[in-house]
Each structure stands twice: as C-alpha cells, then as structure tokens.
Participant: 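Input: one structure, supplied below.
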Amino acid sequence: MSTIPNLPIFIEDDAIEDGSRAILKLIRPDWNLENIRYKLFTDGITNKLVGLFNDSYPDDGVLVRVYGKNTEQIIDRKAEFENFKFLYRAGLAPDLYATFNNGMVYKYIKGETLTTSTVRDPSIYRLVAKTMARFHRLGTSGISAEDGAIKSELWNKMEQFANLIPKRFSSPSNDLQFRKIFSQGIEGLRADIETMKTLLEDIGSPVVFCHNDLLLTNILLQRDSTVSGHPASVAFIDYEYAMFNNQAFDIANHFIEFAGVQEPDFSLYPNVDLQMDWLKSYLEEYTGESLDQNDERVAALKHQVDMFTIASHLLWIFWSLVQTEISEIDFDYLKYAEMRYEQYTKAKSSLIK
C-alpha cells in the first residue's frame, strides 16, 4: 500500500452524494460522473456508507464511509487507520484509496452480509471461525507493545466509554429512562470493571489482535461463481474497534451477535453443539492441528468464551449509553443498552459462582 492521500474534504450528512462525487473526481478522474450509480447502505449504527459504481469498471466499486458525528470521542481514528493498513498488508482488508476530513474511501468488497439465519449455516460459520483464527494469528510487526508484553486494551476501552457517559442526559426523557433502568447509576456498573478484570484475567485467555465488533453486517460472504453458489470465503470489514484483546472476547462477542442488532433476539445465541463445532473449526485453523471435538482444548475455550460474554455485554452497555447522548443516527441506543444490561445481569448470575 503506497502513501494514502488525505483529501481536504468534509462531507455533510445531508450532502453525502455530492461529497462522494467530489471525492470520486480526485481518486477516479477517468470515471464519467454521469455514469455513476450510488447505493446508500443503511445497516450502520456508527457511520454512513455509500457505494459508487461505474458499469464501465465493473470490478472497481468504491465505498465512501462517513464517520458518525462525535464518534471521534469513542473511536481513535488514527489507530483505525493504522489497523486498516496492518490488516491490508496481512491480506485481510480491502485496498484503502484515501482518507478525508471525516471519513475514508476504500475498495468495495462484493458479498452478502450475514443474517441471523445464514450465520447458523455450518458451511458459513466454519468459514467465519477460520477467518477469525487467521485474524488472531497475525504477528505483531508494525504494532508496538509497551514493556515487550502485549496487554489487553479492553479494560481501558471500558473506562474510556464510562468516562464519556454524562452525569445527566441532555434529553429529559432519556435521563428519566436511564435512571429507571440503571437504578444504581453508572457508578454501579463502573465498579464492576475492576471485578470483571480480576476475574477474567485469571482464566488464561491469550491476548491477540481482535476485531471486537463482528456483528453480522461486518461479515461479508462470497459465494463461488458456479450455479451452486456454495459459500467460498468471508471477509471482515470495519476495524474501528480492532485492538489487542483476549481471544475469548472476540468469539463471545460474535456469538452474542447471532441475535442481530436492529431487533436483537438473544435466544438465538448458538447452542452448545454449534458452539463446539465452531470452536473446533477455529482451533484447527489457529493451531494448525486436526482436532477431535472431544479435545479438551475445545472445552477449555468454550469455558473462556462463556465467561467473556459478561465482558462483551458490559462494554456495549457503556458504548450504548455514550451513543445515546452523542449520536445523530436513528437508532434507539438506550433501549439497546437496556437489553444488553438484562443479558449482562443474567450472564453474571449464571456464570459467577
């Protein structure tokens, strides 16, 4: 990846198509702007995405990602850019064409986002497991670690989010609802960070480079081009929250995302049989060995994943409460925080003896 240009362009929320056109003039000067097709993707709950396509160049789709307003408070955009380059060099990210004042432009990857049904298909979830294992196996070249030891950044991220939650929400109805849901206030949840950190650091999950946000719309499925359309590969997109973290967190977080986001159904969390098969596929890729499903390493990883569901719920509760105050995207973040809090409470009571 050669030097990535930074374009002096700011795209307003109500002028995404015009802003994308201005960017396209700079990065694809040979494209006839009269022939451009635009597609606004509506799945994102942090950013806005628009695809730009030219039938004269069918394999050269461009994706413009406009950062959500105020998201720089919760996302380190410089780190995200470095992650993108690191993953590109490892063959796990698309070509990055440019950055601009409030976003980035990269190659559009063809594929279908996963659904609550397709994510349960063995021929698909095994691809996800193996791709995650390759992600986790990445070397640490180009990413420095203080003291020579790589530490999980999870707990600092939780503290960062917790510090951004306002003492009072600017919307009176949100403030009232927050106090009904979280009767102990945010300090009750903050007190759990250190407790969870002590508990989970003792269960031996290795620290690896994690995606940390593998919800269904961040996984693209490519099918082979034959009539059968058999699943061929998957690609992970959006590296805003990628960082060093415990291996089991990334897996637990993905299992929770089987529920979906817009109207989550947490009863869709994978059953034990699916989990064990998923984890076996993952470990075979991660270790380079062929494993029996009864291998004790599969059971050990399952226990770690079970425990890290607690941490996943806690992280996204804090995140949702920050977004409740700062986001302008049409999504009920406070309701989502409430649902994750219910799951967090259940997980704590069932898993912590």
Side-chain angles (χ1 to χ4, degrees), residues 1-69 71-72 75-114 131 135 211 213-225 232-242 328-329:
M1 186 181 285
S2 55
T3 304
I4 308 300
N6 180 251
L7 310 177
I9 291 173
F10 185 94
I11 297 183
E12 298 289 351
D13 278 358
D14 58 355
I16 288 179
E17 196 170 303
D18 288 344
S20 300
R21 186 183 293 267
I23 285 173
L24 207 58
K25 279 182 185 176
L26 297 173
I27 66 166
R28 292 292 184 274
D30 52 333
W31 281 22
N32 181 344
L33 294 181
E34 299 302 314
N35 297 337
I36 304 305
R37 288 184 292 111
Y38 295 85
K39 180 178 181 183
L40 186 64
F41 295 93
T42 56
D43 294 329
I45 56 172
T46 304
N47 309 294
K48 295 189 175 177
L49 295 166
V50 62
L52 301 104
F53 308 97
N54 185 334
D55 291 337
S56 300
Y57 303 91
D59 296 322
D60 191 23
V62 171
L63 198 64
V64 175
R65 180 149 66 101
V66 183
Y67 302 146
K69 280 192 177 172
T71 53
E72 67 283 352
I75 296 165
D76 182 340
R77 296 299 182 186
K78 185 169 180 286
E80 180 192 9
F81 179 60
E82 294 303 318
N83 288 340
F84 207 120
K85 291 193 295 183
F86 173 65
L87 292 166
Y88 171 80
R89 288 193 296 267
L92 289 170
D95 295 354
L96 180 60
Y97 298 137
T99 59
F100 54 97
N101 290 354
N102 62 328
M104 57 173 59
V105 194
Y106 48 92
K107 184 178 180 64
Y108 173 76
I109 303 175
K110 291 180 180 176
E112 60 190 77
T113 54
L114 297 192
T131 304
F135 208 96
H211 184 287
D213 192 26
L214 284 173
L215 41 81
L216 303 183
T217 53
N218 278 345
I219 303 172
L220 293 179
L221 170 68
Q222 285 93 32
R223 298 183 184 272
D224 67 32
S225 55
S233 64
V234 295
F236 297 163
I237 59 171
D238 290 0
Y239 319 113
E240 295 172 308
Y241 301 102
E328 296 183 4
I329 287 175

Participant: In chain order, what residues pass the side-chain hydrogen bond (donor to acceptor under 3.5 Å, both in side chains) check against N32, with sequence neighbours excluded?
Facilitator: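 Partners of N32 under the side-chain hydrogen bond (donor to acceptor under 3.5 Å, both in side chains) test: none.
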Participant: Calculate, to the nearest 0.5 Å, the distance between atoms OG1 and NZ belonging to T99 and K78 respectively.
Facilitator: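 Here the rounded value is 12.5 Å.
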Participant: Any side-chain heavy atom of L24 within less than 4.5 Å of one from W31?
Facilitator: yes
Participant: How close do P58 and K110 get, heavy atom to heavy atom, and via which atoms?
Facilitator: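 Residues P58 and K110, closest heavy atoms: O-NZ, 3.5 Å.
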Participant: Is there a side-chain contact between Y67 and M104 in this structure, where contact means two heavy atoms from C-beta onward sitting under 4.5 Å apart?
Facilitator: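 Of all side-chain heavy-atom pairs linking M104 with Y67, at least one is under 4.5 Å.
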Participant: At what distance, to the nearest 0.5 angstrom, does CG of D55 lie from CD1 of I36?
Facilitator: 9.0 Å
Participant: Using the side-chain contact (heavy atoms from CB on, under 4.5 Å) criterion, which residues pair with N218? Sequence neighbours excluded.
Facilitator: H211, D213, L215, I237, D238
Participant: With side-chain hydrogen bond (donor to acceptor under 3.5 Å, both in side chains) as the rule and sequence neighbours excluded, what pairs involving residues 9-27 come up?
Facilitator: R21-Y38
Participant: For the residue pair L220 and T113, what are the closest heavy atoms and their distance?
Facilitator: CD2-CG2, 3.5 Å
Participant: If you look at every heavy atom in D60 and R28, which pair is closest and at what distance?
Facilitator: OD2-NE, 2.8 Å
Participant: For a 4.5 angstrom cut-off between non-hydrogen side-chain atoms, does E112 reach R223?
Facilitator: yes
Participant: Within the 4.5 Å heavy-atom criterion, are V62 and I23 side-chain neighbours or not?
Facilitator: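 No; the side chains remain at least 4.5 Å from each other.
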Participant: What's the separation between atom CG in L216 and atom CG in L221, rounded to the nearest 0.5 Å?
Facilitator: 12.0 Å
Participant: At their closest point, which heavy atom of I27 faces which heavy atom of A98, and how far apart are they?
Facilitator: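 Looking at all heavy atoms of both residues, the shortest contact is CG2-CB, 4.2 Å.
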Participant: With sequence neighbours excluded, tell me which residues meet side-chain hydrogen bond (donor to acceptor under 3.5 Å, both in side chains) with Y108.
Facilitator: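 Expected list: none.
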Participant: Taking C-beta and beyond as the side chain, do L49 and V64 meet within less than 4.5 Å on heavy atoms?
Facilitator: no
Participant: Under a 3.5 Å distance rule, please check whether N35 uses its side chain to pair with a backbone N or O of N54 as donor and acceptor.
Facilitator: no
Participant: For the atom pair CG (L63) and CG (D95), what is the distance rounded to the nearest 0.5 Å?
Facilitator: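 Reported to 0.5 Å precision, the distance equals 12.5 Å.
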Participant: To the nearest 0.5 Å, tell me how far L96 CG sits from Y88 OH.
Facilitator: 9.5 Å
Participant: Using a 4.5 Å cut-off on heavy atoms from C-beta on, say whether the side chain of D30 contacts that of Y57.
Facilitator: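 Y57 vs D30: side chains touch.
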Participant: Please check this pair: side chain of E240 against backbone of E80, looking for a donor-acceptor N/O pair closer than 3.5 Å.
Facilitator: no
Participant: Between I219 and T131, is there a side-chain heavy-atom distance shorter than 4.5 Å?
Facilitator: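 Answer no - side chains too far apart.
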Participant: Of all the heavy-atom pairs spanning D224 and A232, show the shortest one and how long it is.
Facilitator: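 The pair with the smallest heavy-atom distance is N-CB, 3.8 Å.
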Participant: Going from CG on N83 to OH on Y241, what distance comes out if it is rounded to the nearest 0.5 angstrom?
Facilitator: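 Reported value, rounded in 0.5 Å steps: 13.0 Å.
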Participant: Report the residues that fulfil side-chain hydrogen bond (donor to acceptor under 3.5 Å, both in side chains) with N101, sequence neighbours left out, ordered by chain and then residue number.
Facilitator: none
Participant: Report the residues that fulfil ring pair (Phe, Tyr, Trp, His ring centres under 6.0 Å) with Y106, sequence neighbours left out, ordered by chain and then residue number.
Facilitator: F84
Participant: Would you name the heavy atoms of Y239 and L92 that are closest together and state the gap between them?
Facilitator: OH-O, 3.4 Å
